[in-house]
Each structure stands twice: as structure tokens, then as C-alpha cells.
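Contents: one structure, followed by commentary.
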Number of protein chains: 2
Amino acid sequence: MMQQSFCSSSDNNNNYYHPFEVSEITDTPSQQDRALAALKNHKEAEKRRRERINSHLDHLRTLLPCNSKTDKASLLAKVVERVKELKQQTSQITQLETVPSETDEITVISAGSDISGEGRLIFEASLCCEDRSDLIPDLIEILKSLHLKTLKAEMATLGGRTRNVLVVAAEKEHNSIESIHFLQNSLRSLLDRSSGCNDRSKRRRGLDRRMMP
Amino acid sequence: MMQQSFCSSSDNNNNYYHPFEVSEITDTPSQQDRALAALKNHKEAEKRRRERINSHLDHLRTLLPCNSKTDKASLLAKVVERVKELKQQTSQITQLETVPSETDEITVISAGSDISGEGRLIFEASLCCEDRSDLIPDLIEILKSLHLKTLKAEMATLGGRTRNVLVVAAEKEHNSIESIHFLQNSLRSLLDRSSGCNDRSKRRRGLDRRMMP
DNA sequence: CCACACACGTGAACC
DNA sequence: TGGTTCACGTGTGTG
């Protein structure tokens with residue numbers, strides 16, 4: 001190790017004051033000094049870089065379920081897993097358009113947009129119809145019967161109409177297309193139950209109101 | 001530098017037939033062989049280790065909003081931020097007890113349980129009272145007026161009673177204690193508006209029904 | 001002794 | 001040019 005720094009930087013020859021110390025290289029003393037200083041600089045900069053990286057790694061160790069003795073590689077592997085996991089959990093929990101419209105609507109779409117498909121199937125179901133007090137209980141019953149887990153629910157009411165947007169997760173063992181159709185049909189029957197008791201004469205109660213601004 | 005590759009891999013001295021090539025070292029030829037093989041092994045193992053770490057770093061690069069040319073250190077800094085952010089987002093989006101009780105209740109608690117206090121203030125507000133159709137719009141109006149962002153809303157109705165559990169976030173510039181009291185008072189007035197029109201004679205409509213099983 | 005993981009100093013490459 | 005980042009081979013410590 002020592003010979004590295006020796007032969008690379010500290011070699012100096014043709015020193016005017018100590019000509020015998022220098023033998024085979026043709027650098028001037030000033031060139032020597034400069035090279036030496038550069039090497040020292042380089043060494044210190046590299047050390048700072050290592051410290052910066054390691055400090056971030058230590059920080060990550062405190063954020064994950066692992067002690068301070070876990071490998072760098074294992075730690076990074078855990079980090080990768082955790083980021084993927086958290087990303088999937090939160091990717092669908094974002095802004096949705098929840099303002100009720102004047103026309104009844106049912107939409108059920110697959111929302112598994114991220115690449116890592118190792119999680120559950122995620123759907124976004126939207127139901128827009130006249131408001132009624134039993135709507136939510138009925139909706140809950142439907143989700144329960146279909147074994148769907150609600151990750152997020154947004155509800156907005158405006159002028160007697162309501163829009164409910166649900167992000168739901170189905171277990172992996174279920175078929176994606178089937179689950180979508182079941183949910184669509186169930187919501188359709190729910191909407192049919194509501195029709196006939198419309199009350200369009202209600203005045204709008206205010207401006208845009210949404211659960212998640 | 002050269003002597004590294006020289007003595008490590010490509011050179012093969014310690015030839016039994018040229019013992020004089022080794023002069024000042026006291027190792028026997030077999031010892032030399034073993035040392036050389038060990039060094040080669042070591043070199044290769046270290047390379048594998050580097051590749052393992054870098055492969056995880058590359059994987060992380062694909063998971064974050066950054067190109068493939070970002071620094072290791074900057075990348076790790078981004079990862080730290082992202083994990084903290086996602087952790088906070090999802091730490092509060094977990095199971096909550098949402099079954100309505102027979103007694104009216106209002107609770108507002110600070111839910112900023114994670115150490116990193118650089119995020120928004122997070123509260124969990126729970127309101128349990130008789131169900132009425134205007135409850136949700138009124139609740140939305142309150143959150144809007146207090147500039148609170150709803151991260152999660154759970155609602156359950158059971159036998160004409162309802163429990164709403166909200167996880168809300170307040171901007172950093174607001175005072176934590178003040179926001180809690182404002183929210184508590186607003187919910188109290190909301191509950192007062194409901195009282196007087198109770199309808200306890202309603203039969204329970206079913207068993208436990210909750211939005212998020 | 002060997003397998004493993006880490007820090008170090010250095011040359012190369014890129015602005 | 002100098003400043004910064006990377007890969008490399010090596011020394012060292014721990015199990």
C-alpha cells in the first residue's frame with residue numbers, strides 16, 4: 001500500500017537542492033509539490049464521499065426494521081423491498097375526482113398501474129347517484145360479500161347527489177375480470193334500488209365540497 | 001498500481017524450477033501458491049460484493065424519480081426522503097376501530113408517531129353520534145374551514161348510529177394544540193346540532209359493518 | 001485457517 | 001485544468 005503513494009506522488013527527482021535524491025524522473029520540485037497536494041486533496045475528498053454515503057446508509061438503518069450490524073447489501077435489499085411495498089400501498093391513495101355529476105354513473109377499473117405486480121389486485125370503483133341514507137350501509141354490505149378490502153373511500157355530496165369513489169383490493173387468488181364484473185353488477189343493483197325515489201327539486205347546498213381537497 | 005495486478009493475478013512466479021526468482025521472502029513455494037490463490041479469491045469475492053451492492057442501487061434508481069446518472073450519495077439521500085415520506089403516509093392508514101357505540105363521543109388526538117417531525121401534523125379525529133343525512137356535508141365544511149386535508153376517512157353505520165374516523169393533516173405553519181382544539185370545538189357544535197332529533201327506536205340493521213374490514 | 005464485510009488510497013474518466 | 005465520482009485491489013478485523 002505504501003509503495004503506491006510512494007511511487008505515484010512522492011517520487012521526485014531532479015531537485016536542485018538535493019539532486020542525488022532524484023534519479024530517474026524529470027519533474028521539477030514545484031511539480032512535485034503540486035502533485036502531492038493534489039493527491040492529498042483527492043484522498044480527503046474520497047474519504048468525505050465515503051462518509052457521505054455511509055451516513056445515508058446509517059440513516060436508512062434507523063428507518064428499517066434492522067439493527068446496526070446488517071450488511072450494506074442486505075440493507076439495500078431490504079430498502080428496495082420496502083420502497084416497492086410502500087409505493088404500491090400509496091400509489092392508488094391519491095387524488096380522485098369526486099364531485100358528483102347530474103347523471104348516474106358506475107365505473108369499475110383496474111388500477112394496478114405499477115410494474116411490480118406482486119401485490120393484490122387493486123380496483124377503483126366510482127358510484128354517482130342520488131343520495132340516500134342507506135347507501136353507505138348497502139355499499140359496505142356489497143364490499144363485504146365480495147371480500148373486497150377498502151383501501152380508501154372518498155365521498156362528496158352536492159345538491160342531494162353523491163359520488164363515492166372507492167379504492168378496493170381483491171385477494172390474489174381471485175380472478176381480476178370476474179371481480180370487476182361482480183362489483184359492477186352489485187353496484188348496478190344498488191343503483192337500481194335507489195331509482196324511483198329521486199328528489200331533484202332539492203336545492204344545491206353549496207359549492208364544490210369534497211372529502212379530500 | 002502496477003504492482004497490484006502484478007502480484008495479484010496475472011503473474012505467476014513461485015515456480016519450483018526457478019527458486020532463485022524468489023529471493024528475500026522466506027515462504028516456501030507451496031505457501032506462495034496458497035497466498036496467491038487466497039489473494040485471487042479475495043479479489044473476486046470483493047468484486048462480487050461490489051456488484052451486489054451496485055445492483056441494488058441500480059434497482060433503487062428505477063424505483064425513484066431519477067435517471068441512471070445520479071450519484072450514489074444523492075440517490076441514497078433521495079431514498080431516505082422517500083422512505084420517510086412513504087412511511088409517514090402509510091403509518092396512519094391502518095386499521096382503526098370504527099364500530100359505532102351507543103354513546104356520543106368526540107376524540108381528537110395527535111397521531112404523529114414517527115420520529116421524523118419534518119412532515120405535516122397528523123391528527124386522528126373520531127366522531128360517534130346518531131346518523132343523519134347532513135352529517136357528512138357538515139363534516140366536510142368543517143374540515144374545509146380549518147384547512148385540514150383528509151388522508152383517510154372510515155365510516156360505519158350500525159342501527160342508526162354512525163362512527164366516522166378521520167385521519168387529517170394540518171399544514172406545518174399551524175400550531176398543533178390550537179388545531180386540535182379548533183377541531184374539537186367544531187365537532188362538538190356539529191354533535192350539538194344533531195342532538196334533540198334522536199331516533200333510538202330504530203332497530204339495528206345488522207351486525208358489525210365497517211368500511212375497512 | 002477461511003469466508004465475509006468494511007475502509008482505504010489510488011488511477012481513470014467525466015465535466 | 002481542477003473538482004468530483006467511480007471501480008479496483010488490498011489490508012484488516014470478525015465469525
Side-chain angles (χ1 to χ4, degrees), chain A residues 1-13 24-62 64-81, chain B residues 1-14 22 24-62 64 66-80:
Chain A
M1 291 277 73
M2 280 290 75
Q3 69 280 36
Q4 288 179 359
S5 57
F6 183 85
C7 68
S8 58
S9 66
S10 60
D11 279 348
N12 43 349
N13 26 15
E24 55 275 34
I25 314 180
T26 63
D27 285 1
T28 71
S30 67
Q31 284 174 323
Q32 277 183 40
D33 289 346
R34 290 167 58 86
L36 220 88
L39 198 55
K40 181 182 177 185
N41 234 10
H42 182 34
K43 186 172 67 170
E44 291 169 348
E46 181 63 12
K47 182 165 182 62
R48 282 195 300 272
R49 173 178 166 271
R50 279 195 302 265
E51 286 172 347
R52 203 154 12 114
I53 292 177
N54 284 333
S55 118
H56 287 142
L57 289 177
D58 285 339
H59 201 153
L60 281 174
R61 267 181 251 268
T62 71
L64 292 185
C66 71
N67 54 39
S68 64
K69 276 311 289 173
T70 49
D71 280 326
K72 278 184 191 176
S74 316
L75 169 67
L76 288 176
K78 278 178 196 285
V79 171
V80 168
E81 285 311 303
Chain B
M1 294 296 23
M2 279 293 79
Q3 69 277 37
Q4 289 180 358
S5 58
F6 182 85
C7 64
S8 58
S9 66
S10 60
D11 44 345
N12 38 359
N13 30 13
N14 56 19
V22 294
E24 57 275 37
I25 316 177
T26 61
D27 288 359
T28 69
S30 70
Q31 282 174 323
Q32 282 185 35
D33 285 348
R34 291 167 57 84
L36 230 89
L39 199 56
K40 181 182 178 184
N41 235 8
H42 183 33
K43 186 173 68 172
E44 292 169 349
E46 180 64 13
K47 183 165 181 64
R48 281 195 300 272
R49 174 178 165 271
R50 278 196 301 265
E51 287 171 348
R52 212 164 51 229
I53 292 176
N54 284 334
S55 117
H56 287 142
L57 289 177
D58 286 339
H59 200 154
L60 281 174
R61 267 181 250 267
T62 69
L64 292 185
C66 71
N67 53 38
S68 63
K69 275 311 288 172
T70 49
D71 280 327
K72 278 184 191 177
S74 316
L75 168 67
L76 288 177
K78 278 179 197 282
V79 170
V80 168

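These numbers were taken from a predicted model, which means no experiment stands behind them. Every chain is numbered from 1 and lettered A, B, ... according to where its sequence line falls, protein lines coming before strand lines.
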ask   = Using 4.0 Å as the upper bound for N to carboxylate O, is an ion pair formed by A:E81 and A:K78?
value =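 So A:K78 does not pair with A:E81 through a salt bridge.
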query = Under a 4.0 Å N-O cut-off, is there an ion pair linking B:R48 with B:E51?
reply =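 So B:R48 does not pair with B:E51 through a salt bridge.
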Check if the side chain of [X] and the base of [N] share a donor-acceptor pair of N or O atoms closer than 3.5 Å.
| X | N | result |
| --- | --- | --- |
| A:R34 | D:dG2 | no |
| B:E46 | C:dC4 | no |
| A:R49 | D:dG3 | no |
| A:H42 | C:dG9 | no |

query = When we call it a touch if two heavy atoms are under 4.0 Å apart, what does B:R48 touch: a base, just sugar-phosphate, or nothing?
reply =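 Nothing: the residue B:R48, judged by heavy atoms under 4.0 Å, touches no strand.
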Is any side-chain nitrogen or oxygen of [X] closer than 4.0 Å to OP1 or OP2 of [N]?
| X | N | answer |
| --- | --- | --- |
| B:K69 | D:dT5 | no |
| B:N54 | D:dA7 | yes |
| B:K43 | D:dC8 | no |
| A:K40 | C:dG9 | no |
| B:N41 | C:dC2 | no |

remark   = Note: for A:S74 and B:A38 on DNA chain C, the residue whose nearest nucleotide lies more 5' is B:A38
task = Please tell me which of the listed nucleotides, D:dC8, D:dT5, D:dG3, lies nearest to the side chain of B:R50?
result =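 Of all the options, the side chain of B:R50 is nearest to D:dC8.
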Where [X] and [Y] come nearest, the two heavy atoms and their spacing:
| X | Y | answer |
| --- | --- | --- |
| B:R61 | B:D71 | NH1-O, 4.0 Å |
| A:R52 | B:A73 | NH1-CB, 3.8 Å |
| B:L76 | B:L57 | CD2-CD2, 3.9 Å |

Atom-pair distance ([atom1] on [X]; [atom2] on [N]), nearest Å:
| X | N | atom1 | atom2 | value |
| --- | --- | --- | --- | --- |
| B:L75 | D:dT5 | CG | P | 13 Å |
| B:K72 | C:dC14 | NZ | P | 17 Å |
| B:I53 | D:dC8 | CD1 | P | 13 Å |
| B:R52 | C:dC4 | CZ | C1' | 9 Å |
| A:E44 | D:dG2 | CD | P | 16 Å |

